[in-house]
Amino acid sequence: MDEIKGHIRAWAEIDELGGEDALTRAERRLIGDAVAGKTCRLGEHLPPEILGRDVPDPAVHIRAPILRYLLLGGCANCPTAGKTFEVEGAHITGTLNLDYQELQNPLRVFRSRFNSRLDTTQTCVAMINLSQCQLSGWRAQRLDCEGSVFIRRVKSSAGIDLRGAIIGGQVSFSKLQLDISDRHELIDRTDALNARGLRVSREIIWSDVMASQGSISFVGARCEAIWDQPTSWPGEGRTRLDGLIYDRIINSTTDAKARLEWIAKGETPGRFFPQPYTHLAKVLREMGHERDARDVLIAKERRHNTHTRNFTKRTLDGSVTMGLRSIWLDLKRPLDALLRWVAGYGYAPVRSGWTILIFIVLTYFPSTFAYNAGDFAPNSGVIQVSDGWSNLANDATVANPADTWANTQPGRDWETFDPIIYAADVVIPIINFGQTEAWAPSTTRGPWGWHLWWFKSLMALAGWIVTAIGAAAITGIIRRD
């Protein structure tokens, strides 16, 4: 059968082609079933290789202008408007051009092969179901679909374009294969599936999607929910999520690690988009996953700092000013690491408390060893010149003058040494437990006292820094949102 040139708008045009004799067996069956509002099962019992032939079998061959004529409601001699019909097992040849049309019937084609591209740019339709079809590309820019769009078990040899489409139900991408062998068949030569600015009233379902080349773009898209397999999105910067807005994540993992790997698949070398991180954190927080939301924001800050440092260094012009800026960026790296580990860039202030606890433990052990080694002395000039302490401190047979003196009458009335409280007194700057005022390590009595003397100064400084960072994190001073 020869292809039909142009569009068919009335039965009279079919008569001009030769009437029913000019139709294939499949087309005659389709017309009868469409008028009756039934499913036209052409290839239900036919082996798949028949649909795979380049020359279509007359039993399944439908030319695109005939199908278009029926989808647009037919005419008075062949009324199909409002009569829901389906096509199953067809081999459709020619470009099914439905651009700028208002379909009178849902587009429901199953287990069929399209030899040429499907065009539905700015088409108004109630619902689209292309399950188990073989496509040669689909252009659906600014499509207006009242119901859902199902692209399940579909294999396409060219790109799918859904830019600016408005979907009143859900969009299901399930077991979709974008097996594009010719790069010129990609949308704009970069995207295998372009859904920029897509608007979906319900959820986007994304599972078992494979794309041989090209990117998957949902830049600026919006939906109520995402139902996906994070591992099903292509990596190596081929997933574009900047500006994607969704309210919930359903029937899928909300684990921060898995979601961060999902966002990382969309990262382009040399560029950084914070919106995927901030929006994911917002959604996770609203869903009650506070810890995962916090981890996402921490990862965002770390990625942003790394990008800023690398980008600035790449753009330096070699001048003295730029050289100093490069040095500053190198010096700023440990500061960024400190903010990350101590307070999670302000999103995890509880980390500062754990850090203080670690410092206390680190100070506890040398304090214990120094006291047991006899390298501590009362931190009082009056006591140190007293006869009782002088006799013990100068007696070579007394291994631990501080401990011995503590058991004397004057020592019992003095502050009792406790290594854990002493360590807390050193590290926590805003609380005075009285230990550092009462006891001090001696730098001359032994190695433990000497090491503890400088170590406690280091821990006191670290305690001040951590406390300041923790306070800034709690009050939100170092958090940017």
Side-chain angles (χ1 to χ4, degrees), residues 1-43 50-51 53-130 133-141 143-145 156-158 160-161:
M1 286 289 179
D2 296 332
E3 290 301 324
I4 301 174
K5 296 181 180 180
H7 300 317
I8 294 176
R9 299 174 180 82
W11 188 263
E13 297 179 37
I14 296 179
D15 288 336
E16 291 177 2
L17 296 172
E20 292 192 4
D21 292 337
L23 301 176
T24 66
R25 281 183 291 165
E27 289 169 345
R28 289 194 291 271
R29 282 190 57 187
L30 174 61
I31 291 172
D33 290 338
V35 173
K38 300 192 305 183
T39 299
C40 180
R41 292 188 173 90
L42 300 173
I50 290 182
L51 291 179
R53 293 175 180 172
D54 291 332
V55 179
D57 189 291
V60 297
H61 182 199
I62 293 177
R63 288 165 292 183
I66 299 295
L67 179 57
R68 179 182 185 275
Y69 164 67
L70 298 174
L71 288 170
L72 293 178
C75 63
N77 294 328
C78 182
T80 61
K83 297 180 180 180
T84 301
F85 67 91
E86 302 173 356
V87 183
E88 183 173 341
H91 191 157
I92 302 168
T93 59
T95 299
L96 182 54
N97 190 336
L98 301 168
D99 290 348
Y100 310 103
Q101 302 298 316
E102 185 173 348
L103 272 60
Q104 302 300 311
N105 298 284
L107 178 56
R108 305 169 80 172
V109 182
F110 310 112
R111 296 180 58 246
S112 298
R113 174 183 175 182
F114 290 79
N115 263 21
S116 300
R117 189 180 67 226
L118 170 61
D119 289 338
T120 58
T121 297
Q122 273 190 251
T123 301
C124 295
V125 61
M127 190 267 282
I128 296 178
N129 194 335
L130 300 173
C133 286
Q134 298 179 39
L135 301 180
S136 297
W138 180 21
R139 295 195 181 276
Q141 295 181 40
L143 169 73
D144 187 354
C145 182
S156 180
S157 59
I160 295 178
D161 188 355

Closest approach of Cys75 to Arg9 (non-hydrogen atoms, all atoms of both residues)
CB-O, 4.2 Å
Are the side chains of Leu70 and Cys78 in touch, meaning some heavy atoms are under 4.5 Å apart?
yes
For a quick test of reading the model, state the closest non-hydrogen atom pair linking Ile62 to Ala90 and the distance between them.
CD1-CB, 3.9 Å
Are side-chain heavy atoms of Asn115 and His91 found at a separation under 4.5 Å?
yes
Report yes if the side chains of Leu23 and Arg63 come closer than 4.5 Å at any heavy-atom pair, otherwise no.
yes
Of all the heavy-atom pairs spanning Thr39 and Glu88, show the shortest one and how long it is.
CG2-OE1, 4.5 Å
Might you point out which heavy atoms bring Ala76 and Pro79 nearest each other, and give the distance in Å?
O-CD, 3.7 Å
For the backbone of Ala34 and the side chain of Thr80, can you confirm whether one donor and one acceptor N or O come within less than 3.5 Å of each other?
no
Heavy-atom nearest pair, Leu135 first then Leu130, reads CD1-CD1, 4.4 Å
Are Leu42 and Arg29 close enough that some pair of their side-chain heavy atoms sits under 4.5 Å apart?
yes
Using the rule given for side-chain contact (heavy atoms from CB on, under 4.5 Å), can you reason through Glu86 versus Asn129, listing the C-alpha separation, both sets of side-chain angles and the distance that settles it, and then say yes or no?
CA-CA 9 Å; Glu86 302 173 356; Asn129 194 335; over 6 Å; no
Is there side-chain contact between Leu30 and Phe85, with heavy atoms separated by less than 4.5 Å?
yes
side-chain contact (heavy atoms from CB on, under 4.5 Å) assessment of Arg68 paired with Leu98
CA-CA 7 Å; Arg68 179 182 185 275; Leu98 301 168; 3.6 Å; yes
Which atom pair, heavy atoms only, marks the closest approach of Ala26 to Val60?
CB-C, 3.6 Å
Apply side-chain contact (heavy atoms from CB on, under 4.5 Å) to Leu107 and Leu118, showing your working.
CA-CA 11 Å; Leu107 178 56; Leu118 170 61; 4.3 Å; yes
All side-chain contact (heavy atoms from CB on, under 4.5 Å) counterparts of Ala140, not counting sequence neighbours
Thr120, Trp138, Leu143, Leu162
Value for CG (Leu96) from OG (Ser136), rounded to nearest 0.5 Å, stands at 12.0 Å
Within a strict 4.5 Å, meaning less than it, do heavy atoms of the Arg139 and Asp99 side chains meet?
no
What distance separates Thr123 OG1 from Glu102 CD, expressed to the nearest 0.5 Å?
10.5 Å
